[in-house]
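In what follows, a single structure is set out as structure tokens and then discussed.
Predicted, not measured: the structure shown is a model, and the values here were computed from it.
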Amino acid sequence: MILFSSLSLREELTRAVADMGFETPTPIQQKVIPHLLSQPSDIIGLAQTGTGKTAAFGLPLLHHMDTSRKDVQALVLSPTRELCMQTQEEFIKYSAHMRGLKTTAVYGGVPISGQMRELKAHPQVVVATPGRLIDLLERKALSLEHVKYVVLDEADEMLNMGFREDIDFILKNTIAREFTWLFSATMSNEVRGIAKRFMKEWKEFSVSVANSTNENIDHQYFVTNRHQRFESLQRLLDFAPGIYGIIFVRTKQDCQEIAEKLMKQGYHVSPLHGDMDQKMRTKVMERFKAKNLQAIVATDVAARGIDVNDITHVINYELPDDPEVYTHRSGRTARAGKKGICMSIVTPKEIYSIRQIEKLVKQRFNRSDIPDGAEVVRKKLFYYLEQIETAKPQKHFAEVYLQSIHDRFEDMDKDELIKRLIWLQLKDTIDVYQDAEDLNAGYDQQAPRGGAGDNSVRLFMNLGIKDGIDSNDKLIKFITESTDIEANMISRLTVRDLSSFFNVPKTAAEFIRESLSSKKFKGRKIRIDDAEQRSGDSRGGSGGGRKYEGSRGGGSSEGRSSYGRRAEGGSKSYFDSDPNRQEGSYRGGAPKERYSGNTSTFKRQSPSGDRGRKRD
Ligand code: AMP
């Protein structure tokens with residue numbers, strides 16, 4: 001295993017990297033850093049955001065700086081002010097122990113005078129957006145005369161944003177330039193053009209998309225009708241109570257409108273787009289980084305500046321026109337070795353685009369059902385139960401309030417108290433999701449590949465997230481490994497806490513049922529049933545979108561209750577049934593396991609539990 005300490009970086013840099021908690025270099029760092037330290041030359045690095053590319057060029061760059069000199073020796077060009085600020089922040093951390101080293105970031109959208117002052121302090125490294133840099137050059141606020149190293153970061157994006165002439169101008173004006181390091185997520189003719197015009201013999205380093213970020217991304221798509229896109233978004237957000245995500249939209253106007261609509265309904269989100277001034281954008285990013293927001297609604301350009309490592313979900317409210325842009329979006333999650341989910345809301349007609357993107361990212365996308373009301377309520381219940389399990393009330397809180405609480409509820413039965421507390425937490429969700437519509441677009445329009453549609457059967461299996469099958473990919477892997485069938489025969493996957501559902505061709509159903517039923521999972525018998533015959537999840541079958549009516553336990557329609565009903569309403573209310581018992585009946589009498597696992601894959605806690613959300 002390669003360690004940072006074996007890379008022969010200056011001791012101050014190795015120490016800073018250790019302070020930052022980096023242990024091993026990422027693949028692009030392993031390739032680029034040793035080369036740039038031992039035999040610096042021009043290079044092209046093909047790597048997306050999230051691969052650790054900033055450190056790949058930043059550490060060698062700082063390593064080569066002569067801190068005894070006071071002129072600008074290195075210039076990093078970035079497409080956006082956000083990226084510029086982030087790179088600067090990273091550089092400050094890398095150079096924490098390098099005495100005498102100064103880096104400055106200059107970018108548009110803020111008064112130029114402050115930056116002119118900072119440049120007077122003689123930084124050796126300047127990180128800049130092209131437009132602002134040229135402005136400063138024209139004002140003679142800095143000189144590029146002694147710049148030896150130039151980094152073009154996200155060159156493809158700078159070209160997309162129309163900076164070609166500015167880049168040419170800047171490169172022509174770095175007369176002492178010896179090394180040009182170009183980083184880009186993609187290699188277009190235009191990018192190659194810059195290399196040909198301005199670089200000497202260069203060496204190329206790349207980390208392929210599939211090997212870097214994308215393997216850890218679970219790509220999912222949800223098919224709905226055009227007019228139900230917003231409701232589908234809401235449903236997906238509600239179904240991911242621990243979400244820490246980015247919702248991508250196509251235009252600034254959509255960004256504003258969708259964010260406002262979500263905020264009105266109590267979601268902790270904020271828009272981020274280019275029409276907002278720099279101050280507001282910085283504020284949004286601060287709130288997001290502090291996890292005071294559960295998601296940011298962003299345009300592609302604005303989102304380029306979001307540098308957060310633990311994004312759990314990327315949601316494409318609409319797919320981008322360019323499949324390449326999809327990879328930029330999805331690369332926002334599953335960073336630095338973590339796992340993430342990229343969800344896309346599509347209409348039946350847009351499934352075609354999904355196929356194109358699949359080819360580009362060389363990964364199969366999993367089509368999933370948009371959860372129904374009952375599933376959302378259930379998910380929130382489990383999330384809340386888990387929060388209770390893991391909560392650590394402040395000592396002070398207990399000292400001050402416990403006695404009063406005790407006095408007040410002394411006579412109330414513990415179960416009754418629990419029931420009421422949980423009811424209060426969930427009643428708004430239950431209210432909203434009472435009679436919630438099925439948002440999945442008609443199945444006949446969208447027969448999934450692998451021969452589903454009319455020729456498919458929907459099966460239920462008594463294994464789910466708690467058993468370690470916590471993604472569609474894992475479900476496919478489990479089924480294919482246990483039965484020897486091809487992955488493309490399985491479609492419409494739905495993974496739930498304790499169970500899962502999937503469609504298979506009718507002709508293969510019996511074989512799959514028998515193969516799986518004959519196996520055991522951790523000593524427990526695997527049960528496969530026809531989902532149509534269960535009350536649990538009937539959607540997705542060839543019969544089309546029947547509404548999910550409630551209890552997963554009964555099996556007979558009499559036993560069903562609607563999760564949407566209020567507790568005090570009828571005899572078969574949500575809280576009349578013990579969810580534990582319901583699931584237990586599915587699990588062949590193993591109900592105890594149900595709380596033992598980790599319901600939420602993600603560590604983030606919801607900011608303030610359930611908020612009162614009302615439909616428009
Ligand atoms: P980048 O691709 O440069 O935008 O980096 C993505 C994130 O990964 C940044 O927040 C870095 O701080 C972090 N990072 C970079 N290199 C490493 C590493 N070797 N180990 C852990 N995290 C890293």
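Partners of Phe222 under the ring pair (Phe, Tyr, Trp, His ring centres under 6.0 Å) rule, at least two apart in sequence or in another chain, do not exist in this structure.
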CA sep, side-chain torsions, deciding dist, call: Phe183, Phe57, ring pair (Phe, Tyr, Trp, His ring centres under 6.0 Å): CA-CA 9 Å; Phe183 279 78; Phe57 64 75; 5.2 Å; yes
Test side chain to side chain contact (heavy atoms under 4.5 Å, CB included) applied to Thr103 and Ile92, step by step: CA-CA 7 Å; Thr103 73; Ile92 289 175; 4.1 Å; yes
Derivation and outcome, salt bridge (charged side-chain N to carboxylate O under 4.0 Å, His left out), residues Lys264 and Glu260: CA-CA 6 Å; Lys264 226 189 252 168; Glu260 276 175 16; over 6 Å; no
Residues Lys477, Asp473; criterion salt bridge (charged side-chain N to carboxylate O under 4.0 Å, His left out); working and verdict: CA-CA 6 Å; Lys477 191 160 180 276; Asp473 280 339; over 6 Å; no
Check against side chain to side chain contact (heavy atoms under 4.5 Å, CB included), Lys102 and Thr104: CA-CA 7 Å; Lys102 194 166 163 37; Thr104 296; 4.1 Å; yes
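Here the side chain of Glu157 pairs no donor or acceptor atom with the backbone of Pro79 at under 3.5 angstrom. Formation of a donor-acceptor pair under 3.5 Å by the Arg177 side chain with backbone atoms of Val147 is not found in this model. Looking only at distances, a side-chain donor or acceptor of Gln363 sits under 3.5 Å from a matching main-chain atom of Ile217.
By the neighbour-count criterion of 12 heavy atoms within 6.0 Å, atom CZ of Arg192 is sparsely surrounded, having that number or fewer from other residues, nucleotides or ligands. Around CD of Gln356, the count of heavy atoms belonging to other residues, nucleotides or ligands within 6.0 Å exceeds 12. Heavy-atom neighbours of Met263 CE from other residues, nucleotides or ligands within 6.0 Å: above the threshold of 12. Environment of CD in Glu23: sparse, with no more than 12 heavy atoms of neighbouring residues, nucleotides or ligands closer than 6.0 Å. In the displayed structure, Lys289 atom NZ is contacted under 6.0 Å by more than 12 heavy atoms of other residues, nucleotides or ligands.
Under the 4.0 Å criterion applied to side-chain N and carboxylate O atoms, Arg281 and Glu82 are assigned as salt-bridge partners. The pair Arg132-Asp166 does not meet the salt-bridge criterion, since no charged nitrogen lies less than 4.0 angstrom from a carboxylate oxygen. With salt bridges taken as basic N to acidic carboxylate O contacts below 4.0 Å, none links Arg235 and Glu231. Looking at Arg229 and Glu350, a side-chain N of the basic residue comes within less than 4.0 Å of a carboxylate O on the acidic one, giving a salt bridge. Classification of Glu286 and Lys283 as a salt-bridged pair fails, no side-chain N sitting under 4.0 Å from a carboxylate O. With respect to Asp71 and Arg69, a salt bridge is recorded, a charged nitrogen being found less than 4.0 Å from a carboxylate O. Between Lys474 and Asp470 there is a salt bridge, with a side-chain nitrogen of the basic residue lying less than 4.0 Å from a carboxylate oxygen of the acidic one. We find that Lys172 and Asp168 are not joined by a salt bridge, their nearest charged nitrogen and carboxylate oxygen being 4.0 Å or further apart. Salt-bridge check for Lys53 with Glu154: passed, with a basic side-chain N closer than 4.0 Å to an acidic carboxylate O.
For the pair Leu319 and Tyr221, the minimum side-chain heavy-atom distance is 4.5 Å or more. By the 4.5 Å heavy-atom criterion applied to side chains, Leu59 and Leu36 are not counted as neighbours. A heavy-atom distance below 4.5 Å is found between the side chains of Asn472 and Ser368. Contact of the Met199 side chain with the Leu182 side chain is registered, since non-hydrogen atoms from C-beta on lie closer than 4.5 Å. Side-chain contact check for Val72 versus Val125: every heavy-atom pair is 4.5 Å or farther apart. At a threshold of 4.5 Å between non-hydrogen side-chain atoms, the residues Thr186 and Thr327 do not count as touching. Counting only heavy atoms from C-beta outward, the side chains of Thr251 and Thr299 never approach each other to under 4.5 Å.
Asp156 and Ser188 share no side-chain donor-acceptor pair at under 3.5 Å. Using a 3.5 Å distance cut-off with no hydrogens or angles, the side chains of Asp218 and Asn366 do pair a donor with an acceptor. Thr390 and Glu386 are not linked by any side-chain donor-acceptor pair at a separation below 3.5 angstrom, with hydrogens and angles left out of the test. Judged by distance alone, the side chains of Gln234 and Gln265 do bring a donor and an acceptor atom under 3.5 Å apart. Looking at His146 and Gln73, their side chains never bring a donor and an acceptor atom within 3.5 Å of each other. A donor-acceptor contact closer than 3.5 angstrom links the side chains of Tyr267 and Asp238.
Tested against Phe179, the residues Trp202, Tyr149, Phe198 include a single ring-ring contact (aromatic ring centres under 6.0 Å, His included) partner, Tyr149.
Using a 30° and 60° split on the angle between ring planes, His219 and Phe365 fall in the parallel class, below 30°. Between Phe288 and Tyr244, the ring planes are parallel. Angles under 30° get that label, and only those over 60° would be called perpendicular.
One distance of note links CD1 of Ile357 with NZ of Lys362; it measures 14.0 Å at 0.5 Å rounding. Note that CD of Glu318 is 13.0 Å distant from CD1 of Ile247, once rounded to the nearest 0.5 Å.
Scanning both residues, Ile296 and Val284, for their nearest heavy atoms gives CD1-CG1, 3.8 Å. In this structure, Gln29 and Pro34 approach most closely via the heavy-atom pair O-CD, 3.6 Å.
Sorted by first then second residue, the salt bridge (charged side-chain N to carboxylate O under 4.0 Å, His left out) pairs that include residues 244-253, not counting sequence neighbours, are Arg250-Asp321, Lys252-Asp275.
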